Amino acid sequence: MPDPRNKDRERALAATGEELAVLLHHHAADVLLALLDNPALDETQVCLLLERKDLPAEVLEEVARRKSLLKGYRVKRSMAFHPRTPRLVSLRLLRDLYLMDLVQVAILPGVSAELKRNAEEQLLARLPQLPLGQKITLARRGPARVAGALLAEGHARVISIVLDNPYMTEAQILRALSREKLPISVIPAIVQHRKWSISYNVRLALVRHPSTPLASILSYLPELTVSDLRELAAPGIVPENLRKYLQAEVQRRLRAGKKATSEDAAPTDSSASKQN
């Protein structure tokens, strides 16, 4: 009895129109591979084929091998986003993706950590050459590492936008604040930001930073722990004039602690004397 798949493979090689569209959903890998040899197969139909999440890996590998199929950008994009595309093929295709498609790779759930990291590297490599408009777009929607790099660049029209980026993390804010030389507008923007200005770790980093206004630092001191104040007051951490304020705050806390202890003890002593 003849194998019905042989007939399907023959159909796949010559099908056109609706018959070809139906064969795009065939379950057999060898039939789908035969479709790739069909001269009637165009870019739109290849993209429809690549929309199948259940596409066999050998079909994806064959598409990747054929330069004629990968000439179109839509096919490259579909291949790069497909969860079953071979790892090395996906990494190679990242170089050809447009800016916002790279952003999608970097932030979409389900994309491998390696692919996300490489997409971020591509974005970071392109940053210096990007016009301001694209930087503003990235500031709104880019992944955390890209947002952090944009913050460190310190462009006046980008800073407030990037601080509101939903993917921005405290770690990236702290990384920017670890740089001694930051553009002048970055520190005030963080100090005034409704979210980052109330973060304990960010405030600690702001106290350390030489460009933070003294008035902001002094307003943070009452909220810092004594152990952090002592660490900051160690020689060489902050300028000498600021050390004096830190040491004074430590002494104030110690005096307040002793006073509270003596006040707590006073009623007990009084009660004991009454009993005697």
Side-chain angles (χ1 to χ4, degrees), residues 1-127 129-130 134 137-138 140-146 167:
M1 184 176 178
D3 187 344
R5 284 197 308 179
N6 290 334
K7 185 177 179 181
D8 287 344
R9 280 196 295 271
E10 290 173 7
R11 288 171 57 217
L13 289 168
T16 57
E18 289 186 10
E19 185 181 22
L20 194 157
V22 170
L23 287 169
L24 291 175
H25 301 282
H26 203 284
H27 64 279
D30 53 348
V31 175
L32 297 175
L33 288 169
L35 269 179
L36 299 181
D37 289 321
N38 186 325
L41 190 73
D42 61 21
E43 182 181 21
T44 298
Q45 290 160 334
V46 174
C47 289
L48 286 171
L49 181 64
L50 293 171
E51 285 180 7
R52 289 181 52 180
K53 301 306 179 190
D54 64 340
L55 203 60
E58 56 263 45
V59 177
L60 288 157
E61 289 167 4
E62 186 60 29
V63 173
R65 275 194 287 268
R66 300 195 182 200
K67 292 182 180 179
S68 60
L69 293 178
L70 279 178
K71 281 192 297 187
Y73 181 79
R74 290 168 60 204
V75 175
K76 288 180 180 180
R77 183 188 185 282
S78 297
M79 284 286 290
F81 277 80
H82 200 286
R84 290 190 175 185
T85 297
R87 167 181 160 274
L88 291 178
V89 173
S90 293
L91 292 172
R92 187 179 77 239
L93 289 171
L94 287 182
R95 297 195 295 266
D96 298 325
L97 292 187
Y98 296 153
L99 191 74
M100 295 316 294
D101 284 332
L102 276 174
V103 169
Q104 287 298 304
V105 173
I107 65 178
L108 275 178
V111 177
S112 72
E114 181 184 25
L115 208 58
K116 284 177 182 287
R117 187 171 61 253
N118 275 270
E120 289 173 353
E121 295 292 345
Q122 291 284 336
L123 289 166
L124 292 169
R126 295 184 195 183
L127 274 188
Q129 290 79 40
L130 292 181
Q134 288 188 320
T137 301
L138 274 182
R140 287 195 181 97
R141 297 170 52 192
R145 286 176 66 202
V146 176
Y167 302 105

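Here the structure is a predicted model, which is why all the values come from computation and not from measurement. Hydrogens, waters and symmetry mates are skipped; everything else that's a heavy atom, side chains included, is used.
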Engineer: Nearest heavy-atom pair of L20 and A15: which atoms, and what distance?
Structural biologist: CD1-O, 3.2 Å
Engineer: So, taking the atom named CG in D30 and the one named CD in E58, what distance separates them when rounded to the nearest 0.5 Å?
Structural biologist: 9.0 Å
Engineer: Work out which heavy atom in N38 is nearest to a heavy atom in A12; give both atom names and the distance.
Structural biologist: ND2-O, 2.8 Å
Engineer: Considering residues, nucleotides and ligands other than K53, do more than 12 of their heavy atoms fall under 6.0 Å from its NZ?
Structural biologist: yes
Engineer: If you measure from CG on L130 to CG on L99, what distance do you get to the nearest 0.5 Å?
Structural biologist: 5.5 Å
Engineer: Compare every heavy atom of L115 with every heavy atom of S90, then report the nearest pair and how far apart it is.
Structural biologist: CB-CD1, 3.7 Å
Engineer: For R145 and E121: C-alpha separation, side-chain torsions, deciding distance, then whether side chain to side chain contact (heavy atoms under 4.5 Å, CB included) applies.
Structural biologist: CA-CA 9 Å; R145 286 176 66 202; E121 295 292 345; 2.7 Å; yes
Engineer: Nearest 0.5 Å please: distance from the CG atom of L50 over to the CD atom of E43.
Structural biologist: 10.5 Å
Engineer: Look up atom CG in N118 and atom CG in L91, then write down how far apart they are to the nearest 0.5 Å.
Structural biologist: 5.0 Å
Engineer: Please report the shortest heavy-atom distance between L32 and L23, naming the atom on each side.
Structural biologist: CD2-O, 3.5 Å
Engineer: Verify the neighbour count for atom CD of E18: are there more than 12 heavy atoms of other residues, nucleotides or ligands below 6.0 Å?
Structural biologist: no
Engineer: Tell me whether the count of non-hydrogen atoms from other residues, nucleotides or ligands lying under 6.0 Å of CZ in R11 goes above 12.
Structural biologist: yes
Engineer: Looking at T85 and M79, would you say the former's side chain and the latter's main chain have a donor-acceptor pair under 3.5 Å?
Structural biologist: yes
Engineer: Return yes if some donor-acceptor pair links the side-chain N/O of Y98 with the main-chain N/O of Y73 below 3.5 Å, else return no.
Structural biologist: no
Engineer: Flag the pair R92 / L70 as yes when at least one side-chain heavy-atom distance between them is below 4.5 Å, and no otherwise.
Structural biologist: yes
Engineer: Please report the interatomic distance CG(D101) to CZ(R77), rounded to the nearest 0.5 Å.
Structural biologist: 4.0 Å
Engineer: Yes or no on side chain to side chain contact (heavy atoms under 4.5 Å, CB included) for R126 and L102, after CA distance, side-chain angles and deciding distance?
Structural biologist: CA-CA 11 Å; R126 295 184 195 183; L102 276 174; 3.4 Å; yes
Engineer: What verdict does the side chain to side chain contact (heavy atoms under 4.5 Å, CB included) test give for L49 and L36, after you've listed the backbone C-alpha separation in whole Å, the side-chain angles of each residue and the deciding distance to 0.1 Å?
Structural biologist: CA-CA 10 Å; L49 181 64; L36 299 181; 4.2 Å; yes
Engineer: In Å and rounded to the nearest 0.5 Å, what is the CG to CG distance from L35 to L41?
Structural biologist: 6.5 Å
Engineer: Any donor and acceptor pair, going by atom type alone, linking the side chain of Q45 with main-chain N or O of D42 inside 3.5 Å?
Structural biologist: yes
Engineer: Please walk me through it: do R141 and Q104 pass side chain to side chain contact (heavy atoms under 4.5 Å, CB included)?
Structural biologist: CA-CA 9 Å; R141 297 170 52 192; Q104 287 298 304; 3.6 Å; yes
Engineer: With the threshold set at 4.0 Å, does a side-chain nitrogen-carboxylate oxygen contact exist between R117 and E120?
Structural biologist: no
Engineer: Taking all atoms of both residues into account, what is the closest heavy-atom pair of A80 and L97, and its distance?
Structural biologist: CB-CD1, 4.0 Å
Engineer: Which heavy atom of R52 sits nearest to which heavy atom of H82, and what is that distance?
Structural biologist: O-NE2, 2.6 Å
